[in-house]
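Proteins come first, then strands; the chains are lettered A, B, ... in the order of their sequence lines, and each starts at number 1. Bear in mind the structure is a predicted one, so any value in this text is a computation, not a measurement.
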Amino acid sequence: MTTVQQPATRSADDIRGDFPILSRLVHGKPLVYLDSTASSQKPVAVIEAMSQYYETTHANVHRGVYEISEEATAKMERARVKVARFINARQSKQVIFTRNTTESINLVAYSWGYANIKAGDLIVLTGMEHHSNLVPWQMLAQRAGARLEFVPVTDDGLLQLDVYEQLLQQQPRLVAFTHMSNVLGTVNPAQEMIAQAHAAGALVLLDAAQSVPHMPVDVQALDVDFLCFSAHKMLGPTGIGVLYGKRDLLEAMPPFMGGGDMIRTVGLRESTWNDLPWKFEAGTPAIAEAIGLGAAVDYLNAIGMENARQHEQNITAYAMEQVQQVPGLIIYGPGAARRGGVISFTLGDIHPHDLASILDQEVGVAIRAGHHCAQPLMERFGLAATARASFYVYTITDDVDMLVKGLHKALEIFKL
Amino acid sequence: MTTVQQPATRSADDIRGDFPILSRLVHGKPLVYLDSTASSQKPVAVIEAMSQYYETTHANVHRGVYEISEEATAKMERARVKVARFINARQSKQVIFTRNTTESINLVAYSWGYANIKAGDLIVLTGMEHHSNLVPWQMLAQRAGARLEFVPVTDDGLLQLDVYEQLLQQQPRLVAFTHMSNVLGTVNPAQEMIAQAHAAGALVLLDAAQSVPHMPVDVQALDVDFLCFSAHKMLGPTGIGVLYGKRDLLEAMPPFMGGGDMIRTVGLRESTWNDLPWKFEAGTPAIAEAIGLGAAVDYLNAIGMENARQHEQNITAYAMEQVQQVPGLIIYGPGAARRGGVISFTLGDIHPHDLASILDQEVGVAIRAGHHCAQPLMERFGLAATARASFYVYTITDDVDMLVKGLHKALEIFKL
Amino acid sequence: MSMDYREYILDHYRNPRNYGTLAHPNAHAEDSNPLCGDQLAIDLLIEEDLVKEVRFQGRGCAISQAAASMLSEMIEGKSVEEVVQLGKDDVLDSLGIPISPARTKCAFLSLRVLHRSLALAGLEKPIDNDEEDQ
Amino acid sequence: MSMDYREYILDHYRNPRNYGTLAHPNAHAEDSNPLCGDQLAIDLLIEEDLVKEVRFQGRGCAISQAAASMLSEMIEGKSVEEVVQLGKDDVLDSLGIPISPARTKCAFLSLRVLHRSLALAGLEKPIDNDEEDQ
Ligand SMILES: Cc1ncc(COP(=O)(O)O)c(C=O)c1O
Ligand SMILES: Cc1ncc(COP(=O)(O)O)c(C=O)c1O
């Protein structure tokens, strides 16, 4: 059940064997899964960690004095420590379990936001945010009377950092931006941007939904104030995400949701709050999911995040080279060196939805099509939708070749 | 994976075979699990539904046009329909997936509460609420300047309904109470109380964390406005809960969390919301967990909720009879006829924690000890803690006998 | 070869019939598909209980735009009574290809907008799109 | 027979030493265990760097109350310097029985309150209870 330490240079071919779904067929063809940016697949080690938990150890955590409740609590808290180490948090209590990245961001918007953002305050976002790192701030800004400003995106899909610096001079309270764009693949210079924000007196929330799964992320090196990510994008289960925060900030924040486990004492009319991280974890937590996330972290550690990043860069460079040769195909975003394993593109006048349907039915390739929860970014590029292929540790060049084959098929069907 | 229709009168002995954990040992003794009120165990059908999903069908839902995403979406939405039918909701869109009961209640407190509760408004709760149905209202009341009043609990552990009627004359906006107490086991007369609240112009939120798993619950017959429960207490996975609401109320409510999936359109500064239920489901949902919950509903349907209720009443009556004979043992709450499968008790001067430790180590019996997330109720009875044994469809009289044996052992150890 | 993209579908996609707006429509509605972003607006000119003129505008996939184009042809000159009766089967018949579950929203977007335009004009009672339910 | 409840533990539980409060303590702290509700308050009278008098009050399980009673005996008359050094091992030694993970919070509640009382009196630097971490 626990992962054996793997050789650091395990090949993607080898890794694929751990993912049962990768041997299934769709429409009679082997599944080629190129949508890991939306959600990754799961290795046996993760699936079994959870099944085994339910089969042998399940009980509610934290309050039981009997054996299986102690074991369940220990397993869950061990997972928290694993996650803390994975992102190099100083203390595991800085790791708060949520449902997903979206809830992590909303938690900060509700708890820190309502306590700290006043009328006229400025929050700086960027033009490439996922709706999850945009809508919560719109809701906060609307209620608190705060202002939102946006760092624009260049034609190459990079942030316009000169505008960022100008916006910082307006002394924002908070800067919230994505570490890596889920549409363009752009990896933003987080460390520099955070240092600049701090120099201007702003806190920084980093949407790491696409970075933590795909590259080494060190919260202390980044000196980031809040970091948010989802287990389901990093080989882990659905139903659990993480909010990391600097301890003094988390300590000072009021709770988000009220209920069991997050209290110290409860009277009829007043209550006091529990310590971190439980202050922010109201009700029975996602216990099995935390354990599954812990197993995913073990699995990724065994591969090595540097290796994962390297593999994805190689695959991305290869894929960009290959798909660029398809006539009429346009790739959006920066060159391979500045991006993660994501390629958004359009092909002639074929609508991305039609393209995705054709790829699915003709060659078994699963890609995403649409606005990718980033409508403002789409509008920036004058697009209603793009097709998007994305890669992970289990992606091989054969997958890319099948994508290219499917793109040619689409040209044929659309008579282009 | 899917449950075969079982004979309606399947015995608990037979049912136990479906629960792998029930054949494990603790401290060298067979596990006797008497803590289902905190969290139930899981049958193979539920565990496998989720493993199988990850092994064959996982993809992000709702936005994918390829085969496995369509399958994942269909599975998840089928689970929603199952849950809707289980509680007899008119439409599946009235079933909103949350993390747990606690989040369901907080969702209502944040979304409906902030929009509707004004300074001076009254919210009526009861003296037997779980912290999860108390703290969110305290937080709302504090911010909105609203008032909380409480229906007191009688010495028998029943609600003082004459006081309830008086409180209703003060025209509360909302009444929130538990369908079944997780401490006393009391089953409250929800249907009458809801009708009275409606007659007084108040809405009603019912905390069904302990009722939906253990008895037939029909939201239309109850005419309840909001109903909240958790999958993990009804044979389902951790990480998912349900909020049911009347459609016009849900339609009128502002969203709770912002992000992906819950929007219709997103501009840089303004957004519009998606239809129900997705308006309230921001970010990637707990997909595998929804499917697991669907499998749990199938499993419970195969047993039949009337049968489940009957079995638990039988076991409870037997258990009350047996434990009452242990010298110095005091049971709190009403007689077996008015309660669900929960017995809270104290034994001499043995602190409940010590009692739980002894039961665990000496006879492998898992019970809960403490305030059961109901500190005000504990104070009402002048208690710091009780021991609590609780029962489910897999509980057999042997389990109760082992509990009694353990209680005698505790008397011995404490020289009583 | 895929069955999904017959030539006439591509033709309607690339050369949509009745594309544009009307100067003085007396029925109008628009909507989008929140998950894929497809958009559609319909203008109708109804005279003496007949659909005299129809124009639609939109952007989206071949399925949604071809369906809209075909639907516009189908209703032109028809009586309101007949148009009110149009349902999903009519759309599927005119598309003439199998539509996978994820694409049904594309196929039926124009139908939904059409019915909404009539409802807003008071010519049809508003529909509650809960077909998936019990 | 269980190893967990030796006779002296029951004796300390039922007849706690130094139970009560001091009229004029110069060090005091209290705390509760949020998960089980156990409560503990400690009063100290410190003179010339010695713990002259100690009283505690609390409610909770045999483990937590016996540990508090034993701890109170242990520190009475000791120098502040010695008391500052007291750690978990000392508590476990005096209890003399194995403590399961879920019960360690019971066993160490009084120790935590003791150190907090010294910290609040400025006699010890505040501890940050993050022992579980890296
Ligand atoms: C009556 C009652 N309400 C609410 C809850 C909270 O449930 P959860 O922890 O799943 O949110 C519980 C469970 O302990 C309960 O028994
Ligand atoms: C950059 C980015 N932020 C946030 C999210 C939202 O993640 P989740 O849906 O898991 O909350 C995603 C995933 O789609 C993402 O790619």
Side-chain angles (χ1 to χ4, degrees), chain A residues 20-21 24 26-27 38-39 41-42 47 51 54-56 58-60 63-68 99-103 106 131-132 135-136 138-139 148 150 230 232 237-240 257-260 263 266 268-269 271 282-284 286-289 353 356-357 360 366 368-370 373 375-376, chain B residues 20-21 24 26-27 38-39 41-42 47 51 54-56 58-60 63-68 99-103 106 131-132 135-136 138-139 148 150 230 232 237-240 257-260 263 266 268-269 271 282-284 286-289 353 356-357 360 366 368-370 373 375-376:
Chain A
I21 201 172
R24 81 161 260 182
V26 292
H27 307 296
S39 195
Q41 296 303 339
K42 323 300 173 199
I47 301 170
S51 299
Y54 282 129
E55 284 162 13
T56 65
H58 175 67
N60 214 325
R63 284 162 296 171
V65 294
Y66 51 85
E67 176 69 18
I68 58 172
R99 180 172 38 246
N100 49 28
T101 305
T102 304
E103 191 192 343
N106 278 275
H131 294 163
S132 292
V135 182
Q138 290 179 341
M139 289 166 63
L148 302 180
F150 298 85
S230 299
H232 71 93
T238 54
I240 189 163
M257 298 199 220
I263 56 89
V266 176
L268 280 177
R269 290 192 162 72
S271 301
T284 303
I287 308 168
E289 292 74 14
H353 272 152
S357 276
D360 176 49
R368 192 134 295 235
C373 291
Q375 287 182 2
Chain B
I21 201 173
R24 81 162 260 181
V26 292
H27 308 297
S39 195
Q41 296 302 340
K42 323 299 172 199
I47 301 169
S51 300
Y54 283 129
E55 284 162 14
T56 65
H58 175 66
N60 214 326
R63 283 161 298 170
V65 295
Y66 51 84
E67 175 69 16
I68 58 171
R99 180 172 38 249
N100 49 30
T101 306
T102 304
E103 191 191 343
N106 279 274
H131 295 162
S132 292
V135 181
Q138 290 179 342
M139 289 166 64
L148 302 179
F150 297 85
S230 298
H232 73 92
T238 54
I240 189 163
M257 298 198 219
I263 56 89
V266 176
L268 280 177
R269 290 191 163 72
S271 302
T284 302
I287 308 167
E289 291 74 12
H353 272 150
S357 277
D360 176 50
R368 194 133 293 236
C373 292
Q375 287 184 4

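If you tally non-hydrogen atom pairs under 4.5 Å between each of His27(B), Met139(B), Arg368(B), Lys42(B) and chain A, the highest count goes to Arg368(B). For the options Gly64(B), Pro237(B), Ala366(B), Ser230(B), heavy-atom pairs under 4.5 Å to chain A are most numerous at Ala366(B). Across Gln41(B), His58(B), Glu103(B), the residue that shares the most heavy-atom pairs under 4.5 angstrom with chain A is His58(B). Chain A forms more heavy-atom pairs under 4.5 Å with one residue of Ile47(B), Leu148(B), Leu268(B), Thr102(B) than with any other, namely Leu268(B). Contact count against chain A (heavy-atom pairs under 4.5 Å) is highest for Asn106(B) among Val135(B), Asn106(B), Thr56(B).
Contact annotation for Gln138(A): only side-chain heavy atoms (C-beta onward) come within less than 4.5 Å of a heavy atom of chain B. For Arg99(B), the parts sitting under 4.5 Å from any heavy atom of chain A are the backbone and the side chain alike. Residue Ser271(B) touches chain A through both its backbone and its side chain, counting heavy-atom pairs closer than 4.5 Å. Ile240(A) does not touch chain B: none of its heavy atoms, backbone or side chain, sits under 4.5 Å away. For Thr284(B), the parts sitting under 4.5 Å from any heavy atom of chain A are the backbone and the side chain alike.
Between the side chain of Thr238(B) and the backbone N or O of Ala288(A), at least one donor-acceptor pair lies under 3.5 Å. A donor-acceptor pair under 3.5 Å is formed between the side chain of Ser39(B) and the backbone N or O of His232(B). With hydrogens and angles ignored, the 3.5 Å screen pairs no side-chain donor or acceptor of Glu55(B) with any backbone N or O of Pro20(A).
In this model, a donor atom of one side chain and an acceptor atom of the other lie less than 3.5 Å apart for Ser51(A) and Ser51(B).
Minimum interatomic distance between Gly258(A) and Pro136(B) (heavy atoms only, all atoms of both residues): O-CG, 3.4 Å. In terms of heavy-atom proximity, Ile287(A) sits nearest to Ala59(A) at CD1-O, 3.6 Å.
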Exercise. Go through Ile68(A) and Val26(B) one step at a time and tell me if the side chain to side chain contact (heavy atoms under 4.5 Å, CB included) criterion holds.
Key: CA-CA 8 Å; Ile68(A) 58 172; Val26(B) 292; 4.0 Å; yes
